[in-house]
Amino acid sequence: MSTHSITTKPFDGQKPGTSGLRKKVTVFQQPHYLENFVQAIFNSLDNFQGKTLVVGGDGRYYNDTAIQTILKMAVANGFGKILVGRNGVLSTPAASAVIRKYQAFGGIILSASHNPAGKDGDFGIKYNISNGGPAPEKVTEAIYTHTQTIKQYQIADFADINLSQINTIQQDDVVIQIIDSVTDYAELMAQLFDFDAIRTLLTSGTFSMKFDAMAAVTGPYAKQILENTLGAPQGTVMRGECLADFDGGHPDPNLTYAHDLVEIMFGKSAPEFGAASDGDGDRNMILGKRFFVTPSDSLAVLAANAHLVRGYQQGLAGIARSMPTSGAADYVAKALGIPYFETPTGWKFFGNLLDANKVTLCGEESFGTGSNHVREKDGLWAVLFWLNILAVRQQSVESILVEHWAKYGRNFYSRYDYEGVDAQAAEALIHNLRQQFSSLPKQQLGSYQVDFCDDFSYTDPIDNSVSTHQGVRIVFTDGSRIVFRLSGTGTEGATLRVYLESYEPDVTKHHMDAQIALAELIALAEQIAKIKTYTGRDKPSVIT
Ligand code: G16
């Protein structure tokens with residue numbers, strides 16, 4: 001084998017966002033673009049020679065091409081062993097599980113998550129560290145710095161490797177092992193959950209469910225676990241084949257983009273339980289019969305019922321949620337007498353808390369829930385957790401939520417997304433909000449009085465690193481909030497996210513529709529931020 005040192009020049013804009021570098025496929029297809037970023041990852045790491053790297057992706061268009069390049073670069077840069085998912089496929093949580101199980105040095109995950117795929121779609125790449133979690137900011141900053149000064153990259157010269165069979169290949173000094181994409185992950189799930197109880201539920205004849213894999217990576221995982229192992233009828237998993245263009249869809253498991261599932265779950269003969277996962281398998285949406293569970297509530301319910309589930313029976317060390325996520329889980333943590341944490345948006349912020357055993361469960365409003373079993377959020381894990389709870393409690397999803405709200409109060413919650421707006425206009429809108437920080441406090445706006453407003457900043461309690469400008473908060477005296485943030489995962493223009501929350505202890509009001517309960521806050525968001533004036537949009541593109 002010969003290795004080459006290829007001369008290159010930096011590209012602008014290779015700054016990792018909320019979760020790695022996400023760009024159009026056509027951007028990644030430019031000569032040297034992918035290679036520069038991969039070399040920048042390796043340049044930011046120390047002492048990896050001879051160690052193990054995990055590589056896999058969500059199977060989207062360009063996954064197979066990119067994997068071959070990464071294998072050649074990993075070999076040239078001196079890794080000793082590379083574990084790669086069969087056909088280059090590993091869901092994000094499965095990649096995290098594999099990194100941890102085989103004590104790898106780290107992993108490269110190819111995914112643009114829920115963003116559409118295909119020739120004109122999005123592609124993405126991120127680096128995960130040895131704990132299995134997304135690289136923390138100090139690593140992503142170092143990667144970015146290297147992308148700005150890169151002059152050459154190293155690549156080995158060998159033929160593309162056939163990744164379609166489980167196999168171990170010796171490439172000179174390097175072992176390339178092609179592993180089954182599902183096995184290690186499925187074994188981990190079987191340790192955490194009572195598969196016998198779930199099997200009994202799924203085969204009882206009185207319970208049915210639908211899982212929408214959205215033609216993305218969770219298809220093979222869900223079919224193997226739900227249908228083949230747990231006995232759910234064939235067809236329980238819909239859109240279970242992972243296609244390179246995700247069948248032209250937008251694999252974001254929410255009420256807008258998972259509309260086929262939503263129609264089934266809100267239809268006449270709706271099953272008892274419905275769930276969907278996203279492009280790379282880390283997000284989840286949970287539905288009951290004609291009932292939507294907000295991701296914030298889902299985290300709270302999992303926490304409140306964790307004692308019923310084998311893997312969590314020893315109790316929870318604590319709970320963490322991202323700042324825009326509703327405070328529903330905080331009430332559970334208070335009742336359990338365990339600590340709770342509020343972090344910036346981005347799963348990477350949970351890593352230190354999990355490693356230090358300060359928290360066991362984490363969650364985000366963006367349809368992400370997970371635990372200390374891996375260092376990523378995990379869609380299918382959340383589905384199995386819910387199924388385990390349903391198997392034990394023998395109640396409907398709705399009745400579990402109604403009881404939960406009666407005990408802890410209800411956090412009415414909604415998120416409005418304005419996708420693909422002009423980036424400068426979105427920045428100007430945020431700037432205008434910051435200009436109001438001194439004038440808003442104490443103002444009475446309708447029935448709400450502003451308590452404080454700020455730009456959320458976070459000091460990591462473990463390493464004391466500080467992250468600033470993590471979202472503008474307008475908090476009212478009754479604890480209700482409006483949060484404004486610009487997404488860090490889009491690839492076109494900007495996405496403005498507006499998060500709305502109010503807490504309702506009165507059980508007689510818990511049945512209200514969230515949009516009605518939040519109507520005044522929704523109007524206030526427009527009044528304060530002048531969304532229409534800045535963006536030209538009079539309604540959001542997605543409401544969750
Ligand atoms: C990523 C991050 C999440 C974050 C989400 C939305 O998820 O891992 O922590 O909540 O993006 O981020 P933003 O609001 O900046 O778009 P995923 O599933 O896209 O990897």
Side-chain angles (χ1 to χ4, degrees), residues 17-18 22-24 112-116 120-122 248-259 262 278 283 285 292 294-296 322-326 345 364-367 412-437 440 445-446 448 450 453 455-456 469-476 480-502 513-544:
T18 309
R22 290 185 191 170
K23 300 280 178 196
K24 291 276 164 214
S113 186
H114 53 288
N115 295 8
D120 302 318
D122 292 348
H250 190 153
D252 199 355
N254 60 38
L255 294 173
T256 302
Y257 293 124
H259 45 80
V262 170
D278 70 332
R283 297 186 177 203
M285 176 170 68
F292 168 62
T294 70
S296 301
S322 66
M323 180 275 285
T325 305
S326 99
T345 294
E364 294 191 281
E365 50 65 40
S366 55
F367 294 84
F412 282 107
Y413 190 81
S414 190
R415 186 178 98 184
Y416 280 31
D417 292 341
Y418 299 79
E419 296 176 322
V421 302
D422 179 74
Q424 279 182 351
E427 289 291 351
L429 180 149
I430 297 289
H431 178 73
N432 173 52
L433 286 168
R434 291 190 178 124
Q435 298 294 99
Q436 300 180 64
F437 280 179
L440 277 174
L445 302 169
Y448 292 96
V450 180
C453 25
D455 240 323
F456 180 64
H469 295 103
Q470 299 295 324
V472 167
R473 302 191 285 187
I474 298 174
V475 182
F476 300 94
S480 301
R481 316 185 284 167
I482 308 174
V483 176
F484 298 88
R485 254 189 88 242
L486 299 183
S487 158
T489 57
T491 58
E492 267 180 314
T495 294
L496 170 69
R497 302 205 197 280
V498 184
Y499 311 82
L500 305 132
E501 177 183 6
S502 72
D513 182 88
Q515 298 304 316
I516 294 168
L518 294 167
E520 193 179 347
L521 280 181
I522 292 165
L524 278 180
E526 171 59 39
Q527 184 186 321
I528 296 168
K530 301 192 178 58
I531 299 167
K532 186 165 180 206
T533 310
Y534 279 98
T535 67
R537 305 283 177 84
D538 55 8
K539 58 175 188 322
S541 24
V542 177
I543 297 179
T544 46

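Only this structure's heavy atoms are used, side chains among them; waters, hydrogens and symmetry mates stay out.
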* **Verdict with reasoning, L518 to S502, per side chain to side chain contact (heavy atoms under 4.5 Å, CB included)** => CA-CA 7 Å; L518 294 167; S502 72; 3.7 Å; yes

* To do: Any chance you could lay out the side chain to side chain contact (heavy atoms under 4.5 Å, CB included) test for V483 and F456, step after step, and finish with the verdict?
  => CA-CA 10 Å; V483 176; F456 180 64; over 6 Å; no

* To do: Applying side chain to side chain contact (heavy atoms under 4.5 Å, CB included), run through T495 and V421 and close with a yes or a no.
  => CA-CA 6 Å; T495 294; V421 302; over 6 Å; no

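Going from atom CG of L445 over to atom CD of E520 covers 9.0 Å, rounded to the nearest 0.5 Å. Between the OH atom of Y416 and the CD1 atom of I522 there is a distance of 3.0 Å, given to the nearest 0.5 Å. With values rounded to the nearest 0.5 angstrom, H114 atom NE2 is found 9.0 Å from N254 atom CG. Once rounded to the nearest 0.5 Å, the distance linking CG of L433 with CG of L440 reads 8.0 Å. Between atom OG1 of residue T544 and atom CE of residue M285 there is a gap of 10.0 Å, rounded to the nearest 0.5 Å. Atom-to-atom distance recorded for I528:CD1 and I474:CD1 is 4.0 Å, nearest 0.5 angstrom.
Remark: K530 engages T533, Y534 in a side-chain contact (heavy atoms from CB on, under 4.5 Å) (not counting sequence neighbours). With sequence neighbours excluded, the residues forming a side-chain contact (heavy atoms from CB on, under 4.5 Å) with H469 are R434, D455, listed by chain and number.
Below 30°, between 30° and 60°, or above 60°: for F367 and F292 the angle between ring planes is between 30° and 60°, a tilted geometry.
Summarising the geometry of L521 relative to I482, their closest heavy-atom pair is O-CD1, 3.5 Å, with the distance given to 0.1 Å. Pairing each heavy atom of R22 with each of S113, the nearest pair is NH2-CB, 3.4 Å. Closest approach of A494 and A423 over heavy atoms only: CB-CA, 3.9 Å. Annotation for F484 and A529: closest pair CE2-CB, 3.4 Å, computed over non-hydrogen atoms. Scanning both residues, R283 and P253, for their nearest heavy atoms gives CB-CG, 3.7 Å. The two atoms that bring S322 and T345 nearest to each other are CB-CA, 4.0 Å, heavy atoms only.
Salt bridge annotation for D122-K23: absent, with no cationic side-chain nitrogen under 4.0 angstrom from a carboxylate oxygen.
Sorted by first and then second residue, the pairs that involve residues 417-427 and meet side-chain hydrogen bond (donor to acceptor under 3.5 Å, both in side chains), not counting sequence neighbours, are Y257-E419, R415-D417, D417-R497.
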